[in-house]
Structures are given as structure tokens and as C-alpha cells.
Novice: 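Here's a structure for you.
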Amino acid sequence: MTGPLNEKRSAALLEENLKKALTEFLMLTLLLEKDCYIGELTAEIEKRSLGVIHIEFPYASISRVYKAGYIVESGKRNAPDGRLRQYYKITEKGIAYQHELDILYHRFMSGVSNLLQRRDLQ
């Protein structure tokens, strides 16, 4: 062991697991606003997170939500860069799932905040 965390329990691993857990939620949240193509989703996540969240390989997440029926292809269109891109839109089932995830996320983060706040008070 080289420090307080070994390789299996590193902060980078926690960051990667958090990113995996939140990617579908974040993508569905953006798709509530408008139809997007994959590169647009990842760029917008990075932009809105002020560079904190970078999704390098979004295809597995897109595949999971597509197969689950949470999103559908909404056709190919020219993106702002002029290239033809496959756009996706959220389905009614996806909207309901995103809503469930939103409630879960806020409940969980509230619990984490409460736990950390109590620690600071001691």
C-alpha cells in the first residue's frame, strides 16, 4: 500500500463508479430539454458540470437506455458542425424513469449532506 487508499479502493475508482451510476440519469435529464446526438450529450454534461464530469465512452449507457425503451432514435439530422448525426429523444417511459432517478438522487444526496453536516457539527 502506498497511501491511505490502496489500488482497489482509490478515489479514482469511486469517481468512475459515481460517473457510471449517474451517466444515464444525466443523459435522460438533458433529453428532457431537447433531442440530442451522443456527442452533444457528452459535451453538454461536461460543459454544465464545469468540466468535472467527462464521459469518455457513452455508448454503453446509450445502449442500455435505448434497449430499456427509455429513448428512441428521432432521425438523422445535420448537427451544428454540419455532419449528419443520429439524434435521440426520450420516451414517456424514459420520462417516468428519469423522474424516479431524480427523486432517488435528491433523497440520497440529502442523506449524504446530512451525514457530512453532522460530522462537521461534532
Side-chain angles (χ1 to χ4, degrees):
M1 215 184 317
T2 59
L5 299 174
N6 64 32
E7 287 182 31
K8 290 183 181 181
R9 306 284 303 165
S10 72
L13 181 60
L14 175 60
E15 179 181 12
E16 191 60 31
N17 285 332
L18 286 170
K19 191 186 306 181
K20 284 179 185 176
L22 291 172
T23 297
E24 293 176 13
F25 171 54
L26 297 174
M27 288 180 168
L28 290 172
T29 299
L30 292 176
L31 288 168
L32 285 172
E33 296 175 13
K34 66 175 187 163
D35 296 1
C36 297
Y37 63 93
I38 294 174
E40 185 178 20
L41 287 170
T42 57
E44 195 64 20
I45 288 169
E46 188 164 357
K47 176 183 165 190
R48 292 194 193 184
S49 72
L50 304 176
V52 172
I53 304 170
H54 174 74
I55 310 295
E56 201 162 322
F57 300 107
Y59 302 100
S61 295
I62 288 290
S63 179
R64 282 191 300 274
V65 293
Y66 181 82
K67 287 178 182 174
Y70 301 141
I71 63 172
V72 294
E73 293 176 345
S74 63
K76 293 187 179 189
R77 293 182 243 159
N78 287 325
D81 66 4
R83 295 169 63 182
L84 191 63
R85 305 280 189 178
Q86 177 61 60
Y87 280 72
Y88 294 89
K89 71 178 183 176
I90 194 167
T91 63
E92 289 298 320
K93 184 177 177 183
I95 292 169
Y97 181 58
Q98 189 281 340
H99 182 69
E100 287 178 40
L101 293 177
D102 191 43
I103 291 168
L104 175 65
Y105 170 80
H106 284 94
R107 189 178 78 226
F108 190 84
M109 292 311 296
S110 175
V112 170
S113 293
N114 288 336
L115 185 147
L116 295 176
Q117 189 174 41
R118 293 239 182 248
R119 182 190 69 191
D120 293 341
L121 295 175
Q122 294 177 349

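All values reported here derive from a predicted model rather than from experimental measurement.
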Novice: List the residues meeting side chain to side chain donor-acceptor pair (under 3.5 Å) with T91, not counting sequence neighbours, and say none if there are none.
Specialist: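 Side chain to side chain donor-acceptor pair (under 3.5 Å) list for T91, sorted by chain: empty.
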Novice: Suppose we screen for side chain to side chain contact (heavy atoms under 4.5 Å, CB included). Which residues come up paired with E15, at least two apart in sequence or across chains?
Specialist: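 Counting only residues at least two positions away or on another chain, E15 forms no side chain to side chain contact (heavy atoms under 4.5 Å, CB included).
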Novice: Which pairs count as ring-ring contact (aromatic ring centres under 6.0 Å, His included) when at least one residue sits in residues 10-29, sequence neighbours excluded?
Specialist: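 Non-adjacent pairs meeting ring-ring contact (aromatic ring centres under 6.0 Å, His included): F25-Y105.
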Novice: Got a second to check how far L32's CG is from I90's CD1, nearest 0.5 Å?
Specialist: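 Those atoms lie 4.5 Å apart.
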Novice: Taking atom CG of L41 and atom OH of Y88, what is their separation to the nearest 0.5 Å?
Specialist: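 Separation between the atoms: 9.5 Å.
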Novice: Just wondering, do R48 and L30 contact through their side chains at under 4.5 Å, heavy atoms?
Specialist: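 Yes, side chains in contact.
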Novice: With sequence neighbours left out, what residues match D81 under side chain to side chain donor-acceptor pair (under 3.5 Å)?
Specialist: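 Result, side chain to side chain donor-acceptor pair (under 3.5 Å) vs D81: R85.
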Novice: According to side chain to side chain contact (heavy atoms under 4.5 Å, CB included), who are the partners of F108, at least two apart in sequence or on a separate chain?
Specialist: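 Side chain to side chain contact (heavy atoms under 4.5 Å, CB included) check on F108 returns V112.
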Novice: How long is the straight-line distance from CD of E44 back to OG1 of T29, given to the nearest 0.5 Å?
Specialist: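 The CD atom of E44 is 12.0 Å from OG1 of T29, to the nearest 0.5 Å.
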Novice: Please tell me whether V72 and I38 are part of a single hydrophobic cluster in this structure, the criterion being side-chain heavy atoms less than 4.5 Å apart.
Specialist: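 Unlinked, V72 and I38 end up in two clusters.
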Novice: Answer yes when E40 and K34 have at least one side-chain N-carboxylate O distance shorter than 4.0 Å, and no when they do not.
Specialist: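 K34 and E40: salt-bridged.
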Novice: Using a side-chain heavy atom cutoff under 4.5 Å and only I, L, V, M, F, W and Y, what cluster partners does Y37 have?
Specialist: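 Traced through the cluster, Y37 reaches Y87.
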Novice: Measuring from N114:CG to M109:CE, what's the distance to the nearest 0.5 Å?
Specialist: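 The CE atom of M109 is 11.0 Å from CG of N114, to the nearest 0.5 Å.
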Novice: Hey, could you give me each pair passing salt bridge (charged side-chain N to carboxylate O under 4.0 Å, His left out) that has a residue in residues 88-113? Not counting sequence neighbours.
Specialist: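 Listed by first then second residue: nothing to list.
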Novice: Using the side chain to side chain donor-acceptor pair (under 3.5 Å) criterion, which residues pair with S74? Sequence neighbours excluded.
Specialist: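 Residues passing side chain to side chain donor-acceptor pair (under 3.5 Å) with S74: D35, R77.
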Novice: Going by side-chain heavy atoms closer than 4.5 Å, which hydrophobic residues are tied to L18, directly or by a chain of links?
Specialist: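 Grouped by the 4.5 Å side-chain rule, L14 form the rest of the cluster around L18.
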Novice: Who are the side chain to side chain contact (heavy atoms under 4.5 Å, CB included) partners of L84, not counting sequence neighbours?
Specialist: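 Counting only residues at least two positions away or on another chain, L84 forms a side chain to side chain contact (heavy atoms under 4.5 Å, CB included) with K76, N78.
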Novice: Using distance only, find each side-chain donor-acceptor pair of residues 51-67 under 3.5 Å and give its atom names and separation, not counting sequence neighbours.
Specialist:
{"unit_1": "H54", "atom_1": "ND1", "unit_2": "E46", "atom_2": "OE1", "d": "2.7"}
{"unit_1": "S61", "atom_1": "OG", "unit_2": "R64", "atom_2": "NH2", "d": "3.1"}
{"unit_1": "R64", "atom_1": "NE", "unit_2": "E24", "atom_2": "OE2", "d": "2.5"}
{"unit_1": "R64", "atom_1": "NH2", "unit_2": "E24", "atom_2": "OE2", "d": "3.3"}

Novice: Measuring from atom NZ of K19 to atom CG of L26, what distance do you get when rounded to the nearest 0.5 angstrom?
Specialist: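 Here the interatomic distance stands at 11.0 Å.
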Novice: Can you tell me if S110 uses its side chain to pair, donor with acceptor, with the backbone of H106 under 3.5 Å?
Specialist: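 No; judged by distance alone, with no hydrogens or angles, the pair does not exist.
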